[in-house]
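Below: one structure, written as structure tokens.
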Amino acid sequence: MDLYKLIILISIVAIPGAGAWAYLEDTWLDEAKQAQQKAIRPNGQLEKIGLLEKQIEEIKTNMNRNASVGGHLLYFENRITGSVRGGELKDTDIQISDEQARQKSKERAVDYEVSIKFERGGKPLPLTREVIHAILFNCEAFAKTWKLRTIRLSNVEADKASGKSPPPKTVSD
């Protein structure tokens with residue numbers, strides 16, 4: 001076998017291999033172009049990623065801001081007392097627990113929960129509907145790191161009702 005026959009034999013084997021490689025590259029290029037079109041369209045993946053990135057940065061700044069002002073105790077105390085006018089609510093009426101880590105079994109993320117109780121003299125403190133709305137708004141509106149998970153309220157007048165009669169259809173705050 002001389003050199004010319006060897007070159008022809010290698011070319012016969014290499015040409016289909018190069019054609020298959022070119023075909024695969026062309027299909028991968030088409031898939032990449034389709035993925036790019038999906039990503040850059042309105043409400044596409046790039047826009048969603050950008051929104052998530054902004055939310056993450058906002059959460060980081062809120063966490064840094066919360067840490068710099070004394071953590072969750074001072075944050076909630078300032079938000080709650082700032083939402084009530086006229087000294088209706090005192091600092092001693094608010095019991096804020098320490099942060100408790102809660103993690104779902106299969107997730108990496110850790111949520112931190114804080115329990116807040118309103119008590120005066122060991123008894124639950126009656127709050128008006130306006131005060132409750134103001135407290136909830138002030139606690140959630142300024143930091144995306146803290147979100148309300150559960151709330152337990154009871155109507156004082158309905159709790160005082162005794163016997164088997166149901167509470168009245170309309171009750172005051």
Quick check for you: to the nearest 0.5 Å, what is the distance between [X] atom [atom1] and [Y] atom [atom2]?
X	Y	atom1	atom2	result
Leu136	Arg79	CG	CZ	13.5 Å
Ile94	Arg120	CD1	CZ	10.0 Å
Leu51	Leu46	CG	CG	11.0 Å
Ile116	Glu77	CD1	CD	10.5 Å

Please determine whether the number of non-hydrogen atoms from other residues, nucleotides or ligands lying under 6.0 Å from atom CD of Gln45 exceeds 12. no
With sequence neighbours excluded, tell me which residues meet side chain to side chain contact (heavy atoms under 4.5 Å, CB included) with [X].
X	value
Ile12	Ile8
Phe137	Ala141
Lys54	none

Which atom pairs, one a donor and one an acceptor, fall under 3.5 Å between side chains of residues 33-41 and the rest of the protein, sequence neighbours left out?
none

Partner residues of Glu47 under the side chain to side chain donor-acceptor pair (under 3.5 Å) criterion, sequence neighbours left out: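 Side chain to side chain donor-acceptor pair (under 3.5 Å) list for Glu47, sorted by chain: empty.
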Could you work out, with side chain to side chain donor-acceptor pair (under 3.5 Å) as the rule, every residue matching Asn138, not counting sequence neighbours? none
Minimum heavy-atom distance between Gln95 and Asp93, given as atom pair plus value: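 Closest heavy-atom pair between Gln95 and Asp93: OE1-O, 3.8 Å.
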Smallest separation among heavy atoms of Pro16 and Ser11, with atom names: CD-O, 4.4 Å
Mind checking whether [X] and [Y] have side chains closer than 4.5 Å, heavy atoms only?
X	Y	value
Ile80	Cys139	yes
Glu119	Leu125	no
Ile135	Phe118	yes

Any link between Ile151 and Val131 through a network of hydrophobic side chains (Ile, Leu, Val, Met, Phe, Trp, Tyr) touching at under 4.5 Å? yes
